[in-house]
A.B. asks: 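One structure, pasted below without further comment.
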2 protein chains.
Amino acid sequence: MSSLLRHSVEQQLQEAGGLSYVQFQLLATLGDSPGGSARMTDLADGVVYSRSGLTYQAQLLEKRGLATRAPSVEDERGTTVTITAEGRSVLDDVFPGHVAVLGDLLFTPLDGSDVAQLADVLGRVRDHMRSVPPRSAAPRRRSRATAPPRDA
Amino acid sequence: MSSLLRHSVEQQLQEAGGLSYVQFQLLATLGDSPGGSARMTDLADGVVYSRSGLTYQAQLLEKRGLATRAPSVEDERGTTVTITAEGRSVLDDVFPGHVAVLGDLLFTPLDGSDVAQLADVLGRVRDHMRSVPPRSAAPRRRSRATAPPRDA
DNA sequence: TCCCAATGCTTCGAATCCGAAGCACCAATG
DNA sequence: CATTGGTGCTTCGGATTCGAAGCATTGGGA
């Protein structure tokens with residue numbers, strides 16, 4: 001289900017503003033941040049994404065003039081990303097269609113009680129996943145004797 | 001939430017059997033198919049994935065000896081993919097850990113009623129999305145540097 | 001003051017992904 | 001039987017992805 005929805009959302013973002021899903025998330029996060037700025041690490045915390053991928057997408061945003069990047073004032077190691085006026089403009093262009101897609105595909109078949117239940121249940125799952133320590137090792141159960149030798 | 005879960009699932013599949021998420025879905029689909037075979041198109045219907053990506057992953061499975069590919073008997077255009085004994089073995093190796101991840105991350109904070117609600121609500125959403133015609137067009141674009149649409 | 005592990009981010013290489021174009025085959029038409 | 005349009009899959013080129021390695025800065029002692 002989430003794959004289907006994700007796919008439709010990405011299509012709309014691409015058509016309406018040439019944005020990838022991650023780029024949209026980054027712009028939206030920046031738009032909500034005080035001053036329209038955030039460090040790379042803070043962005044990464046809000047988006048399930050690799051650091052290197054974040055660097056790549058931030059470069060693309062900068063290249064398109066939707067955001068700027070500069071070394072952090074407080075910590076010379078850090079990079080501060082800031083949304084530009086043009087970035088906000090694109091975000092505003094794209095947002096109504098984004099909401100429309102969610103309305104059409106996700107919320108149409110649901111009533112208020114359904115939505116509340118979803119929010120409750122999925123919210124609990126999310127909190128649980130965030131609180132669980134990163135998997136150190138997968139459960140090592142075996143069920144077939146013919147497992148091929150494998151170098152992980 | 002789904003991104004977090006997806007990420008953990010992919011990690012387990014990779015560690016336990018060197019499988020990508022798609023490869024796992026393909027093997028699982030084949031394993032449930034009569035004769036362990038299916039046409040590419042039938043596989044694509046069950047997996048939200050591009051055709052070319054499906055070809056790529058099927059080639060990888062063939063290269064690892066987990067599946068075979070042969071032109072369809074009925075329709076020379078079609079390709080029939082079949083799971084091998086080794087493919088089933090890997091699937092059996094990976095499956096218990098897969099279920100364990102879902103149990104730990106997804107089902108732990110939920111009770112039976114939660115699960116039933118989720119299945120009902122998300123099932124309806126899925127059916128709705130599958131029944132909706134593919135988006136014909138996104139809401140009209142706006143050019144930059146103008147007032148954002150007040151429409152949502 | 002001078003180290004040194006830890007931190008924040010980027011670069012690098014290789015793998016994976018997608019859409020568009022291409023190839024081969026099927027089915028319907030005349 | 002030749003033609004035409006449609007279908008099924010692959011190939012191609014370019015974009016995106018990730019983890020590992022690299023670079024520079026920081027903070028906490030010795």
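Chain letters run A, B, ... following the sequence lines, proteins first, then strands; residues in each count from 1. Because the structure is predicted, anything quoted here is derived from the model rather than measured. In what follows, every heavy atom counts, from backbone to side chain, and hydrogens, waters and symmetry copies are set aside.
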A.B. asks: For A/D45, what residues pass the side-chain hydrogen bond (donor to acceptor under 3.5 Å, both in side chains) criterion, not counting sequence neighbours?
C.D. replies: none
A.B. asks: A quick test of your reading: do over 12 heavy atoms of other residues, nucleotides or ligands sit less than 6.0 Å from CZ of B/F95?
C.D. replies: no
A.B. asks: Report the C-alpha distance between A/T68 and A/I83 in whole Å, list the side-chain angles of each, state the deciding distance to 0.1 Å, and finish with yes or no for side-chain contact (heavy atoms from CB on, under 4.5 Å).
C.D. replies: CA-CA 6 Å; A/T68 60; A/I83 189 171; over 6 Å; no
A.B. asks: Heavy atoms only, 4.0 Å cut-off, all strands: where does B/T55 land among base, sugar-phosphate and nothing?
C.D. replies: base
A.B. asks: Suppose we screen for side-chain hydrogen bond (donor to acceptor under 3.5 Å, both in side chains). Which residues come up paired with B/R124, at least two apart in sequence or across chains?
C.D. replies: A/D114, B/D120
A.B. asks: Testing B/E62, B/Q25, B/Q23 one by one against B/Q57 for a side-chain hydrogen bond (donor to acceptor under 3.5 Å, both in side chains), which residue passes?
C.D. replies: B/Q23
A.B. asks: Within the 4.0 Å limit for protein heavy atoms, which parts of nucleotides 17-24 of chain C are touched? Write it as a string from 5' to 3', B for base, S for sugar-phosphate only, - for none.
C.D. replies: SBB-----
A.B. asks: Whole angstroms only, please: what is the CZ-C1' distance between A/R39 and C/dC9?
C.D. replies: 11 Å
A.B. asks: Taking CG from B/D75 and P from D/dC9, how many angstroms apart are they, rounded to a whole number?
C.D. replies: 8 Å
A.B. asks: Rounded off to whole Å, could you give me the CZ-to-P distance for the A/R64 and D/dA15 pair?
C.D. replies: 14 Å
A.B. asks: Give the rounded distance in Å between these two atoms: CG of B/L19 and C1' of C/dT16.
C.D. replies: 15 Å
A.B. asks: Can you tell me if A/Q59 touches the phosphate of C/dT11, counting only side-chain N or O atoms and a distance under 4.0 Å to OP1 or OP2?
C.D. replies: yes
A.B. asks: Rounded to whole Å, please give me the gap between CD in A/Q23 and P in D/dT16.
C.D. replies: 7 Å
A.B. asks: Looking only at non-hydrogen atoms, find the nearest pair between B/L91 and B/L27 and report the distance.
C.D. replies: CD2-O, 3.6 Å
A.B. asks: Between D/dA15 atom P and A/L61 atom CG, what is the distance in whole Å?
C.D. replies: 16 Å
A.B. asks: Can you tell me the distance, in whole Å, between the CZ atom of B/R6 and the C1' atom of C/dT16?
C.D. replies: 13 Å
A.B. asks: Round to the nearest Å and state the distance from B/E74 atom CD to D/dG8 atom P.
C.D. replies: 13 Å
